[in-house]
J.: 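One structure, as structure tokens, below. Some questions next.
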Amino acid sequence: MRILVVGAGAIGGYFGGRLLQAGNDVTFLVRPKRASELASAGLVIKSPAGDVTLKSPPTVQADKLAEKFDVVLLSCKAFDLEDAIRSFAPAVGPQTAIIPLLNGMLHLNVLDQKFGPDRVLGGLCAIAVTLNDAREVVQLAPMQSLNFGERDGSLSERVRAIAQVFDSGKFGAAASEHIMRDMWEKWVFLASLAASTCLMRTSVGNILAVAGGKDFLLGMLDECSAIAKASGYEPTGPFFQRTSGLLTTEGSPMTASMFRDIKAALPVEADHVVGDLVARADAAKIPVPKLRIAYTHLKAYEKQRSA
């Protein structure tokens with residue numbers, strides 16, 4: 001099975017690197033600068049699951065991409081999606097399966113329009129990983145998983161085949177028969193956390209430590225959950241209990257990566273993660289005052305950043 005990993009940053013570098021380490025046929029689609037880094041230093045992974053340096057990992061640049069691949073693993077940010085599509089489009093053939101690991105749902109519409117829904121699986125990952133100053137992939141915590149599946153819930157032959165290959169990477173890969181629900185639940189958690197910690201510009205623990213903090217956090221979760229329910233994907237009891245627990249843990253240093261991006265003056269996925277939920281709430285006539293304020297805050301940040 002030929003696997004094209006779009007990018008070799010934190011997420012793509014980690015999952016693609018583990019698959020390559022296990023002996024799979026993996027190629028990284030990268031820009032010239034990253035290709036040079038990988039050629040000289042290799043793909044370096046530092047992780048609680050074990051460090052590895054993969055010397056001269058196979059790479060290809062967009063202008064040289066001509067062959068078709070069986071699987072395209074897509075882990076870019078939403079604001080890079082259009083550029084990413086242009087770069088990997090030549091690798092998509094009639095039998096190619098695209099596994100996007102982006103947050104939210106808007107990317108599915110974009111990919112469906114370009115490649116057809118039959119080529120686009122559902123997917124999500126859970127991992128805390130970053131690139132350090134030395135351009136090494138650093139996993140920050142032991143947690144790691146990658147779920148994927150047919151969006152109609154079937155356990156197809158191609159999903160079974162991908163699962164068998166991905167299992168060799170030992171990063172908690174699993175084929176899901178309810179991938180859309182999985183994606184919605186992750187979106188509800190991420191949006192609740194991002195909207196709250198970005199709006200308040202601080203951690204969950206600090207929000208909880210002030211009057212009204214707990215009600216604010218749980219209110220944000222309620223708003224996001226109501227949108228998921230109206231869309232046909234009501235969060236399950238275990239998910240809601242687990243997420244409520246994370247958002248009410250006193251002293252928790254947890255923040256969203258979007259908040260860390262704001263602190264670093266980086267682009268954020270305001271429309272993809274928060275704005276799309278507000279639009280869906282409007283369509284379903286669901287009041288979401290907290291989420292709406294958080295979205296306005298994020299858009300104001302984007303305006304200031306572009307000025």
Side-chain angles (χ1 to χ4, degrees), residues 11 78 99-109 117 120-128 141-156 159-160 162-163 166-167 171-197 204 207-208 214-250 252 254-258 269 272-291 294:
I11 292 176
I99 303 178
L101 301 179
L102 289 77
N103 297 311
M105 296 290 169
L106 278 177
H107 61 281
L108 295 180
N109 299 336
V120 184
L121 301 180
L124 72 152
C125 65
I127 187 169
M143 170 192 67
Q144 55 180 1
S145 65
L146 193 159
N147 292 0
F148 58 93
E150 301 286 356
R151 285 147 60 189
D152 65 3
S154 63
L155 196 59
S156 65
V159 163
R160 293 176 188 272
I162 294 169
F166 278 21
D167 186 62
F171 46 65
S176 173
E177 294 180 74
H178 37 75
I179 192 64
M180 294 300 293
R181 188 190 74 193
D182 298 340
M183 292 173 65
W184 265 99
E185 288 187 345
K186 181 184 179 182
W187 190 12
V188 166
F189 168 67
L190 175 65
S192 300
L193 179 65
S196 298
T197 58
V204 166
I207 298 171
L208 288 170
K214 181 177 180 180
D215 288 343
F216 172 80
L217 286 163
L218 292 180
M220 192 73 79
L221 176 60
D222 285 342
E223 289 184 7
C224 294
S225 297
I227 301 165
K229 180 179 179 180
S231 300
Y233 297 97
E234 182 176 8
T236 60
F239 162 82
F240 200 85
Q241 293 168 8
R242 183 171 64 252
T243 302
S244 298
L246 289 171
L247 293 177
T248 55
T249 300
E250 293 185 6
S252 171
M254 185 169 57
T255 63
S257 60
M258 188 182 292
E269 297 176 307
H272 202 76
V273 172
V274 179
D276 188 30
L277 282 175
V278 172
R280 292 170 188 261
D282 288 345
K285 294 181 170 44
I286 298 172
V288 286
K290 296 179 177 63
L291 195 65

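Position 1 is the first residue of the sequence; numbering continues from there.
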J.: Verify, without hydrogens or angle tests, whether Lys186 (side chain) and Cys125 (backbone) share a donor-acceptor contact under 3.5 angstrom.
T.: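 Side chain of Lys186 to backbone of Cys125: a pair is present.
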J.: Can you check whether Leu121 reaches Ile162 side chain to side chain, under 4.5 Å on heavy atoms?
T.: yes
J.: Would you say Trp187's side chain and Asn103's backbone share a donor-acceptor pair under 3.5 angstrom?
T.: no
J.: Please report the interatomic distance OG(Ser145) to CG(Asp182), rounded to the nearest 0.5 Å.
T.: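 Rounded to the nearest 0.5 Å, the OG-CG separation comes to 9.5 Å.
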J.: Once salt bridge (Lys or Arg N to Asp or Glu O under 4.0 Å) is applied, do any residues pair with Glu150, and if so which ones, sequence neighbours excluded?
T.: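 Expected list: Arg158.
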J.: Can you list the steps and then say if Thr197 with Met254 is a side-chain contact (heavy atoms from CB on, under 4.5 Å)?
T.: CA-CA 9 Å; Thr197 58; Met254 185 169 57; over 6 Å; no
J.: Under 3.5 Å, is there a donor on one side chain and an acceptor on the other for Asn147 and Ser176?
T.: no
J.: By salt bridge (Lys or Arg N to Asp or Glu O under 4.0 Å), which residues pair with Arg151, not counting sequence neighbours?
T.: Asp112
J.: Donor-acceptor pairs under 3.5 Å, side chain of residues 224-232 to any protein atom, not counting sequence neighbours: which ones?
T.:
unit_1: Ser225; atom_1: OG; unit_2: Leu221; atom_2: O; d: 2.8
unit_1: Ser231; atom_1: OG; unit_2: Ile227; atom_2: O; d: 3.0

J.: For Pro235 versus Val188, what's the shortest heavy-atom pair and its separation?
T.: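 Looking at all heavy atoms of both residues, the closest pair is CG-CG2, 4.4 Å.
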J.: State, with a plain yes or no, whether a side-chain heavy atom of Ser244 is found less than 4.5 Å away from one of Leu218.
T.: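 The answer is yes, as the side chains (C-beta and beyond) meet within the 4.5 Å cut-off.
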J.: Can you name the one residue among Thr248, Thr249, Thr255 that meets side chain to side chain contact (heavy atoms under 4.5 Å, CB included) with Ser252?
T.: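 Filter result, single survivor: Thr249.
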J.: Compare all side-chain heavy atoms of Ile127 with those of Phe171 and state whether any distance is below 4.5 angstrom.
T.: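 The answer is no; the side chains never approach within 4.5 Å.
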J.: Quick one: pull up CD in Glu269 and CG in Leu190 and give me the separation to the nearest 0.5 Å.
T.: 8.0 Å
J.: Kindly compute the distance separating CE (Met105) from CE (Met183), expressed to the nearest 0.5 Å.
T.: 4.0 Å
J.: Hey, could you give me the CH2/OG1 distance between Trp184 and Thr236, rounded to the nearest 0.5 Å?
T.: 14.5 Å
J.: Any salt bridge between Asp276 and Arg280, counting N to O under 4.0 Å?
T.: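 Arg280 and Asp276: salt-bridged.
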J.: For the residue pair Phe148 and Phe166, does the interplanar ring angle fall in the parallel (under 30°), tilted (30 to 60°) or perpendicular (over 60°) class?
T.: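 Because their plane-to-plane angle is over 60°, the rings of Phe148 and Phe166 count as perpendicular.
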